[in-house]
Protein chains: 6
Amino acid sequence: MSIGPLPVIMIEPIVRAALLEDLGRAGDLSTDAVVPAGLRAEAALVAREPGVVAGLDPALLALRLIDPAIEAEIARPDGDPVLSGDVIATIAGPARGMLTAERVALNFLCHLSGIASATAAIVDAVRGTRARVSCTRKTRPGLRALQKYAVRVGGGANHRFGLDDAILIKDNHIAAAGSVAAAIERARRATGHLVKLEVEVDTLSQLAEALAAGVDAVLLDNMAAAELRRAVTMIAGRAIAEASGRITPTTAPEIAATGVDLISVGWLTHSAASLDIGLDWRVGAVR
Amino acid sequence: MSIGPLPVIMIEPIVRAALLEDLGRAGDLSTDAVVPAGLRAEAALVAREPGVVAGLDPALLALRLIDPAIEAEIARPDGDPVLSGDVIATIAGPARGMLTAERVALNFLCHLSGIASATAAIVDAVRGTRARVSCTRKTRPGLRALQKYAVRVGGGANHRFGLDDAILIKDNHIAAAGSVAAAIERARRATGHLVKLEVEVDTLSQLAEALAAGVDAVLLDNMAAAELRRAVTMIAGRAIAEASGRITPTTAPEIAATGVDLISVGWLTHSAASLDIGLDWRVGAVR
Amino acid sequence: MSIGPLPVIMIEPIVRAALLEDLGRAGDLSTDAVVPAGLRAEAALVAREPGVVAGLDPALLALRLIDPAIEAEIARPDGDPVLSGDVIATIAGPARGMLTAERVALNFLCHLSGIASATAAIVDAVRGTRARVSCTRKTRPGLRALQKYAVRVGGGANHRFGLDDAILIKDNHIAAAGSVAAAIERARRATGHLVKLEVEVDTLSQLAEALAAGVDAVLLDNMAAAELRRAVTMIAGRAIAEASGRITPTTAPEIAATGVDLISVGWLTHSAASLDIGLDWRVGAVR
Amino acid sequence: MSIGPLPVIMIEPIVRAALLEDLGRAGDLSTDAVVPAGLRAEAALVAREPGVVAGLDPALLALRLIDPAIEAEIARPDGDPVLSGDVIATIAGPARGMLTAERVALNFLCHLSGIASATAAIVDAVRGTRARVSCTRKTRPGLRALQKYAVRVGGGANHRFGLDDAILIKDNHIAAAGSVAAAIERARRATGHLVKLEVEVDTLSQLAEALAAGVDAVLLDNMAAAELRRAVTMIAGRAIAEASGRITPTTAPEIAATGVDLISVGWLTHSAASLDIGLDWRVGAVR
Amino acid sequence: MSIGPLPVIMIEPIVRAALLEDLGRAGDLSTDAVVPAGLRAEAALVAREPGVVAGLDPALLALRLIDPAIEAEIARPDGDPVLSGDVIATIAGPARGMLTAERVALNFLCHLSGIASATAAIVDAVRGTRARVSCTRKTRPGLRALQKYAVRVGGGANHRFGLDDAILIKDNHIAAAGSVAAAIERARRATGHLVKLEVEVDTLSQLAEALAAGVDAVLLDNMAAAELRRAVTMIAGRAIAEASGRITPTTAPEIAATGVDLISVGWLTHSAASLDIGLDWRVGAVR
Amino acid sequence: MSIGPLPVIMIEPIVRAALLEDLGRAGDLSTDAVVPAGLRAEAALVAREPGVVAGLDPALLALRLIDPAIEAEIARPDGDPVLSGDVIATIAGPARGMLTAERVALNFLCHLSGIASATAAIVDAVRGTRARVSCTRKTRPGLRALQKYAVRVGGGANHRFGLDDAILIKDNHIAAAGSVAAAIERARRATGHLVKLEVEVDTLSQLAEALAAGVDAVLLDNMAAAELRRAVTMIAGRAIAEASGRITPTTAPEIAATGVDLISVGWLTHSAASLDIGLDWRVGAVR
């Protein structure tokens with residue numbers, strides 16, 4: 001996946017909203033009261049545990065939106081692995097603005113780095129297999145574009161971005177349509193030539209029906225490794241084979257070894273823990 | 001803490017945004033193509049692991065915003081503990097709308113229930129001590145009000161909602177002001193009579209300085225249990241004693257046993273995993 | 001393509017914006033001054049030329065948002081062909097609200113019906129060929145979802161909804177990448193399994209290169225009919241064949257007869273004229 | 001009419017919205033995947049048919065909002081007539097940003113230039129008469145300010161911008177009030193001293209009634225040329241005489257020759273075709 | 001002026017914003033904590049000083065947006081004069097919602113009633129003269145439509161709603177154009193037929209120049225009563241005569257007696273005091 | 001209170017909204033028509049009556065948002081006292097932009113300076129007592145943050161910013177809870193450790209009950225001076241003593257002399273008149 005940065009125009013609204021959410025109606029009472037207006041400071045974003053960096057753009061934008069005079073030098077751009085103690089970026093500028101924006105900047109950086117790190121961990125775990133690691137639509141409200149970007153930064157692939165950029169026929173769609181074949185037929189008639197079609201199947205007989213009808217991809221839901229292997233054999237390259245269903249870093253290698261093309265992991269965006277990153281103020285830096 | 005529901009006017013904007021994020025520019029291609037318009041369905045929100053329910057309001061609002069004809073009956077309201085298999089609510093209405101809104105509804109419910117459950121776990125772990133459990137400002141951008149609500153649902157207390165509703169003097173503020181006493185003096189002059197003042201201290205000598213200056217609360221940062229106990233003795237009820245610094249469910253009991261009034265846990269809002277809740281379609285329900 | 005309605009949540013923001021754009025800062029001066037508050041009226045949306053109806057949802061929503069007491073009965077739903085004089089819907093309610101919302105309601109209905117009618121005309125013109133008719137991204141700012149919906153209502157297919165739901169490698173991308181094959185190779189590595197890949201080619205040798213690299217679709221840009229026929233033969237079903245380049249209702253049949261799978265027509269959304277639809281007040285209806 | 005530019009603050013929201021509509025949730029997949037980040041390019045906005053330029057401000061703003069490093073040199077500012085092949089502006093900067101913003105920039109420029117060109121054509125057609133050419137409120141939702149600006153650029157005049165900046169009493173208002181005179185009387189009492197009052201009349205006897213009551217302007221709706229001439233004679237300069245009703249470039253000269261002061265043409269904003277303008281990448285420019 | 005209500009669609013955004021401004025990120029802490037969820041209450045909006053009611057729509061909408069179950073019965077609609085002690089409306093419903101929305105509802109009602117009352121006072125003071133009383137553009141940011149509505153409710157007329165609905169040539173425009181006549185000539189060429197043109201003049205010789213050039217209205221700025229009388233004589237009905245310049249209730253009668261058509265009073269919208277209105281909870285009503 | 005400036009990110013949305021409210025759909029007709037595009041001008045913001053300056057940030061931002069080329073030099077920053085005739089700031093730049101933004105800039109500056117001046121007047125009136133002067137939540141919709149900032153600039157203190165940053169138990173809360181003590185008990189259980197608790201009391205017996213239950217502050221509502229003195233004696237420093245109830249500059253000194261800690265004055269934000277400040281164009285400055 002491309003890890004080109006998201007255009008600023010896409011991230012600025014959520015960064016502004018996050019700052020306003022924190023500033024409330026009176027702004028930073030503590031800093032305004034205690035820190036002199038003219039004071040300058042230097043600080044470093046430092047990893048406190050190993051992981052992969054993601055989210056420097058929104059983090060640094062949060063600082064600049066509070067005070068355009070805050071400058072940053074990036075040591076480890078998005079996608080870089082870091083160890084505990086590594087400096088990710090150094091920041092210098094008016095102390096008030098840096099203190100006011102600190103928490104929001106870290107909230108973006110720690111959350112997105114957490115997702116990138118979790119993704120990278122699973123990508124590493126399945127290295128050597130043909131399986132790519134993908135996220136799902138189980139994202140935090142309002143943060144999907146950023147979270148999916150973080151998955152790409154971690155080496156993962158993106159599944160659908162929403163209900164409108166691909167067809168994914170699930171069990172309840174099939175029940176409503178009457179059969180796998182009927183659902184596929186309806187879907188094919190209804191969509192444009194650039195929309196891919198994937199079907200979720202729970203059994204090998206459903207898989208056979210889907211393959212006969214012709215699909216771009218099949219989502220093999222909650223199948224055990226042995227069944228996945230049989231499915232891969234049946235598919236024989238006629239469709240993308242995606243394994244899904246509560247896959248964790250622990251279970252990923254066995255799943256990936258079955259020969260599937262893709263394993264999708266909701267956990268990456270709904271439950272990955274933040275990466276611990278702090279803003280260390282340099283000794284003597286506040287002056 | 002009160003667990004009164006948030007007014008609809010506060011949650012509707014984020015629910016609308018989440019739906020539009022998922023619908024994109026073309027809506028639900030799969031459902032529109034495959035599911036007949038007149039079909040009705042029934043389904044149940046079912047817990048797949050034990051925890052505490054939170055977020056039914058935004059979840060059910062997501063369904064109603066897609067189709068006002070969708071009706072819900074709540075079996076386990078926010079705050080109720082559930083076991084795996086427990087039905088949280090049943091839903092009935094037009095199948096298309098239920099399928100279209102399903103993912104967004106679950107994204108709210110699983111995330112907020114995850115936070116409530118994590119909070120409840122720590123609250124349980126420290127039961128019998130005087131310590132209350134509090135969240136921090138380490139929240140997901142745009143979701144602070146909902147996440148803090150979920151903490152209350154889980155039995156926790158809320159720390160500051162933003163930079164503007166209390167003073168919290170941190171180490172860098174102290175460095176900028178020159179001393180703990182100077183920082184407190186400036187803060188007190190600058191704020192209204194309904195703003196509380198808390199100071200973060202790293203050492204017992206800083207604590208002594210803060211107590212001498214007079215504060216409403218002290219944040220005892222990253223202190224070991226023995227030091228916390230000494231701090232509590234020094235404070236002697238003159239200020240709220242808050243312990244902070246990477247507290248986990250495992251370390252919470254020892255910290256709480258030191259006699260502090262409050263333990264604040266950033267992990268609740270930045271890293272708690274989603275609670276696994278599914279939408280089970282009733283057998284024969286799609287008709 | 002599915003002609004299921006867009007969810008209200010998707011059209012309400014643009015309808016609200018259109019009403020506020022018309023109401024300005026003082027509302028409907030003429031109606032408020034001249035028309036008594038209690039007066040009721042009946043009226044009919046009547047086609048003044050033949051075409052295909054599209055846009056009743058936003059049109060009627062405009063009326064309801066001004067006054068929820070306005071009721072409508074639809075005679076010809078979206079997708080229905082109409083002749084001059086045909087009643088599309090009848091409306092009854094408070095006269096003030098109907099007069100205030102009339103222009104905005106008609107602006108939606110006439111514009112979208114114009115697009116649906118133009119689409120239907122080209123679809124008719126190519127009937128009997130294998131070619132489907134598609135729109136492009138040459139849409140009016142802010143109106144893409146509605147315009148593309150109108151294309152579907154007219155029997156057309158939708159091309160990409162934006163820059164993010166499929167890959168379309170154009171001539172300048174190819175120039176930047178160095179070759180067709182290099183561009184395709186980069187694109188394939190960078191995208192998820194549900195993203196289709198199309199390449200724009202200007203010559204048959206570029207086409208050969210694209211087919212050799214493997215693509216989902218080829219956009220045959222500005223080729224004459226004879227060249228298109230040769231292209232279709234070369235493709236031989238290995239990719240979707242899309243013809244593009246200033247196709248009009250006049251030239252469409254010859255293009256479609258070449259055997260291409262799709263003809264895309266920017267004109268549908270950037271230049272189709274409004275369908276003439278009026279709101280006829282019933283004789284004696286204002287009472 | 002003044003053709004001073006609209007303030008940036010007025011056009012920036014719609015340009016941002018148009019870009020976000022195109023970027024969706026993942027941005028420009030094709031360009032990010034295929035085009036190297038450091039590549040620069042040059043290109044020219046070139047007319048492919050004769051017309052009048054309008055909309056350079058939103059078009060160039062679209063480019064700058066994607067990448068502030070994109071620079072433009074304007075050869076033919078808004079209001080300039082162009083022939084096929086004329087360069088309107090040259091653009092240089094990072095290739096990625098130029099490719100990403102190209103479609104949105106052209107969508108504004110082609111649409112608004114289409115309106116300006118159509119306006120200029122009718123203005124030319126009626127040159128030598130006293131008639132000015134005006135638009136109506138039949139505009140595209142959300143685009144009224146820009147469309148009306150394009151009419152001014154084309155040499156046309158603007159009618160009402162909304163329901164709130166002048167009184168226009170139409171047939172249904174008259175029916176509700178009981179008579180032309182009663183409607184005018186109510187309107188005059190109800191409005192401020194800077195609000196003009198126009199009445200739509202269908203017959204010469206209504207016209208006589210309106211003139212007797214005193215109005216600033218009369219809208220002569222759907223009258224044939226002979227009747228318009230009689231109306232102009234009756235009005236004798238006591239009010240602005242506006243002719244309206246499906247006026248096209250073909251019928252405009254005859255209408256204008258009747259001596260009316262104004263002809264209003266809804267077609268300018270609801271049905272004018274886009275002007276064909278392309279972005280030609282310079283040979284060897286992508287480097 | 002019409003005192004028809006503003007459409008809900010125009011007032012809902014500012015009412016929602018006002019509620020969210022008050023609710024912040026945690027809602028009504030006091031009420032949620034102290035008042036039982038099921039409790040119902042009754043209360044009355046009661047005038048505590050004499051004046052004219054304005055703003056019931058946004059006030060009652062604030063209550064309904066917090067809880068749709070809150071019902072109101074209006075005793076004195078907008079425009080009614082009230083004495084101290086008069087009940088304006090009675091309200092009944094869930095106590096929590098009524099307490100939560102109370103302040104925002106009163107903020108709208110007291111502010112707008114203050115403007116209506118101030119307007120009515122000046123209208124009364126000049127009764128018997130031909131002068132109407134008008135507001136200006138000196139309004140509170142974001143509240144112009146509501147404030148101008150309140151002026152209408154108080155019996156006043158509205159001046160321009162913004163920079164775009166009439167021409168008002170002021171002294172600095174004249175200086176830039178070189179002369180009154182040159183400015184008028186430019187303005188007339190630049191505007192549509194429904195835009196009125198007013199010129200501000202400081203001296204009688206400027207007035208003569210304006211009348212010679214032909215204008216719809218003249219703003220006689222800061223002239224003493226004697227000079228105003230001479231101006232009215234000079235104008236002789238050829239233009240609307242507007243007096244302006246720090247007119248207060250005290251000075252208004254003398255100004256109005258000069259024969260001017262209009263006196264405009266910025267004070268109405270920038271400095272009128274709130275009308276004192278309270279929400280009296282009925283004895284025994286909270287139950 | 002701190003008079004640090006509000007971050008630009010907090011004031012920009014309301015300034016943009018105010019400009020768009022004034023520009024409407026066509027912008028500044030008068031200036032665009034009459035003033036040449038290239039003309040430059042100089043002007044000075046000049047006080048026309050004595051007071052305290054507040055609001056230069058939004059005022060100057062309004063100018064810059066219309067034209068970034070407008071430059072300002074501040075002579076009297078926010079908080080400075082001015083006499084009639086004092087220059088507050090000088091402004092230079094393109095004449096068009098200065099004329100277009102003038103009214104909006106002044107609307108912010110005059111309103112906020114009016115509040116600061118009124119606050120300063122009361123602060124002066126109570127100098128020598130221990131009483132601080134505070135505002136309330138009786139603010140103009142959408143302007144609370146700015147209005148409360150102006151109070152701080154005038155030397156006042158801020159009361160609650162909303163319903164969510166402190167507990168204020170009023171008479172109706174007490175009625176709902178059954179007693180002062182019951183209400184306080186519920187509130188204390190429900191709130192976090194950084195939320196202060198104030199109770200409104202009407203009688204000395206209620207005061208006794210509140211003090212016994214323990215509160216941070218008491219609001220002594222509408223008590224006469226003698227009763228306030230008794231209340232202060234009873235409180236004896238155990239809580240902040242706040243006097244409230246239609247306090248005016250005239251009555252403030254007597255109230256303050258009773259020994260209360262705080263007097264809160266709703267009038268500051270709901271009824272303070274604008275400070276008269278004009279934009280004087282320099283002789284010969286428009287060139």
Side-chain angles (χ1 to χ4, degrees), chain D residues 1-4 6-7 9-10 130-137 144-145 148-149 151-153 155-169 186-200 215-219 237 239-244 260-264, chain E residues 1-4 6-7 9-10 130-137 144-145 148-149 151-152 155-169 173 186-199 214-219 237 239-244 260-264:
Chain D
M1 301 292 287
S2 161
I3 57 165
L6 292 175
I9 202 176
M10 287 180 68
R130 63 177 290 113
R132 293 171 76 181
V133 175
S134 166
C135 55
T136 67
R137 281 169 46 246
R144 187 169 288 174
K148 296 224 163 199
Y149 163 80
V151 168
R152 296 197 296 275
V153 169
N158 288 154
H159 212 285
R160 288 198 297 173
F161 275 80
L163 293 162
D164 68 326
D165 58 349
I167 294 270
L168 179 47
I169 297 174
R186 286 189 197 168
R188 189 167 297 133
R189 276 206 320 272
T191 50
H193 71 297
L194 289 180
V195 175
K196 284 203 176 174
L197 194 159
E198 180 166 13
V199 177
E200 176 185 313
V215 292
D216 294 301
V218 286
L219 191 159
I240 301 276
E242 172 185 356
S244 173
V260 294
D261 301 294
L262 197 81
I263 55 176
S264 55
Chain E
M1 301 292 288
S2 162
I3 57 164
L6 292 175
I9 202 176
M10 287 181 67
R130 62 177 290 112
R132 295 171 74 183
V133 175
S134 166
C135 56
T136 67
R137 283 169 45 246
R144 187 170 288 174
K148 296 222 163 200
Y149 162 81
V151 168
R152 296 197 296 276
N158 288 155
H159 213 285
R160 290 197 295 175
F161 275 80
L163 293 162
D164 68 326
D165 59 347
I167 294 270
L168 179 46
I169 298 175
H173 294 109
R186 286 189 197 171
R188 188 167 298 131
R189 275 208 319 271
T191 49
H193 72 297
L194 289 180
V195 175
K196 285 203 176 174
L197 194 159
E198 179 166 13
V199 176
V215 293
D216 294 301
V218 286
L219 190 160
I240 301 276
E242 173 185 356
S244 173
V260 294
D261 300 293
L262 196 82
I263 56 177
S264 56

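The shortest side-chain heavy-atom distance between His193(E) and Asp261(D) does not fall under the 4.5 Å cut-off.
Rounding to the nearest 0.5 angstrom, the gap separating the CG atom in Asp164(E) from the NZ atom in Lys148(D) is 11.0 Å.
Scanning for side chain to side chain contact (heavy atoms under 4.5 Å, CB included) contacts around Val195(E) gives Ile167(E), Thr191(E), Leu29(F), with sequence neighbours left out.
Contact of Leu194(E) with chain D is made through backbone and side chain together, with heavy-atom distances under 4.5 Å.
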